[in-house]
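Notes follow once the structure below has been shown.
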Amino acid sequence: MTATREHARYRKWYKALIGLYPKPYLETFGEGLEQTFNDLLRERSAAGRSLPGLAAWVFTETSVGILQEQKLPVVEFLKVFGGLFWSLAVATVTIIASLRGYENAWWFMLVVHAVVSAVFTLLYRFLQKKGHLP
Amino acid sequence: MYHANMTTTDANSPLTPAVLHILMALSIRERHGYGIMKQVEQDTKGKVNMGPGTLYGSLNRMLAAGLVSKSDKKRDPELDEERRVYYKITALGQKALAAELERYREVVAVARQQRLLPKAFRL
């Protein structure tokens, strides 16, 4: 594979990754992030060093940055709706457990809570991406 | 005024290591993102490798805090034809940097007084 094609592939993946930043952040820094990543790729290639190591480091480091930038809206949302959500989740799980005769099966409660949490989080992220939530 | 995400509240409060290094890199002249990264790497003799996520996250907070400002996009003749955003230190940023360096000087003075420094660094 030529260096240009390899660069293009990494740049494409990086562009997809930084798409997870909040929209206002992406509008301000998206172009700079891409340019800087491209500069790093070019520098690494010119030095004759391999790109996967650089890509792994930058992708990990940027993912941490995305989590940090995304944290506030999620925390604020949970502050408002967290109590209501957990009340509903506990009630739902308790009802399901009693209907199925699993009142004392802690693992069942734990698994259902995890699934409900995951579904709710994904739903929240989807609605947020569509612009319906902060 | 500083942004809520920063650990500082005024120009005399301590800076995070990333903010300190960025301010030092910009104290010489304005730079674009990659230029800041390379200057930090050079200043620290390669001991600090700042990635794009850390760099732009810090710049975001520093812009909000008024420590740096953006200048118009322009080309870097040493790189390519792309136009880039340059960042420059503000008066508040210079004040914060000076206060931080003074704090470091005081810490080193105390360490020297208490003979905590390795022999190689003693005057």
Side-chain angles (χ1 to χ4, degrees), chain A residues 3-4 7-8 10-11 13-47 49 51-76 79 134, chain B residues 2-7 16-19 21-22 25-26 30-42 46-88:
Chain A
T4 313
H7 282 202
Y10 283 122
R11 288 180 71 176
W13 289 350
Y14 193 65
K15 190 171 185 172
L17 177 68
I18 65 173
L20 297 173
Y21 271 111
K23 203 175 173 188
Y25 186 96
L26 195 60
E27 282 167 359
T28 310
F29 298 110
E31 189 182 1
L33 280 159
E34 282 188 66
Q35 282 174 338
T36 306
F37 181 58
N38 193 34
D39 292 334
L40 288 169
L41 285 174
R42 198 164 36 207
E43 175 197 309
R44 191 59 83 102
S45 289
R49 297 166 69 187
L51 299 181
L54 170 76
W57 170 62
V58 173
F59 280 42
T60 306
E61 197 264 354
T62 301
S63 300
V64 173
I66 291 168
L67 288 176
Q68 284 172 343
E69 296 301 329
Q70 289 282 15
K71 193 172 63 178
L72 267 180
V74 174
V75 169
E76 279 170 4
K79 270 184 198 167
Chain B
Y2 286 77
H3 191 266
N5 282 351
M6 292 191 75
T7 55
T16 64
V19 171
H21 286 303
I22 293 170
L26 295 176
E30 62 177 23
R31 296 177 195 279
H32 50 70
Y34 179 70
I36 295 172
M37 284 171 68
K38 298 318 294 174
Q39 188 60 41
V40 170
E41 195 181 323
Q42 192 181 319
K47 286 177 187 158
V48 174
N49 278 310
M50 199 180 284
T54 305
L55 174 68
Y56 285 97
S58 299
L59 284 173
N60 183 29
R61 288 181 282 277
M62 292 167 79
L63 281 166
L67 298 177
V68 296
S69 62
K70 285 199 284 189
S71 64
D72 293 336
K73 279 184 175 181
K74 54 188 170 189
R75 273 188 62 238
D76 182 341
E78 290 176 15
L79 288 175
D80 52 26
E81 294 298 314
E82 278 192 276
R83 287 158 56 80
R84 293 152 192 270
V85 172
Y86 278 66
Y87 298 90
K88 57 184 173 188

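Computed from a predicted structure; not experimentally measured. First the proteins, then the strands, lettered A, B, ... as listed; each starts at 1.
Annotation: the span from Glu34(A) atom CD to Glu82(B) atom CD amounts to 9.0 Å, rounded to 0.5 Å. Between atom CD of residue Glu31(A) and atom CZ of residue Arg83(B) there is a gap of 9.5 Å, rounded to the nearest 0.5 Å. To the nearest 0.5 Å, atoms CG (Asn49(B)) and CD (Glu61(A)) are separated by 10.0 Å. Here the CE-CG distance, from Met37(B) to Asp39(A), works out to 8.5 Å after rounding to the nearest 0.5 Å.
Across all their heavy atoms, Tyr14(A) and Pro52(B) have their closest contact at OH-CB, 3.5 Å. When every heavy atom of Gly53(B) is checked against every heavy atom of Thr62(A), the shortest pair comes out as N-OG1, 4.0 Å.
Side-chain atoms of Tyr25(A) come within 3.5 Å of backbone atoms of Gly57(B) as a donor-acceptor pair (strictly under, hydrogens ignored).
With a 4.5 Å cut-off on non-hydrogen atoms, Leu40(A) touches chain B through its backbone and its side chain both.
For CZ of Arg75(B), the number of neighbouring non-hydrogen atoms (other residues, nucleotides, ligands) closer than 6.0 Å is greater than 12.
Note on Glu43(A) versus Lys38(B): salt bridge recorded, some NZ/NE/NH1/NH2 to OD/OE distance being below 4.0 Å.
Val85(B) places none of its side-chain heavy atoms less than 4.5 Å from the side chain of Phe29(A).
Side-chain polar atoms of Tyr56(B) and Thr36(A) form a donor-acceptor pair below 3.5 angstrom.
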Checklist entry - Could you go step by step and tell me if Thr54(B) and Gln68(A) meet the side chain to side chain contact (heavy atoms under 4.5 Å, CB included) rule? => result CA-CA 10 Å; Thr54(B) 305; Gln68(A) 284 172 343; over 6 Å; no
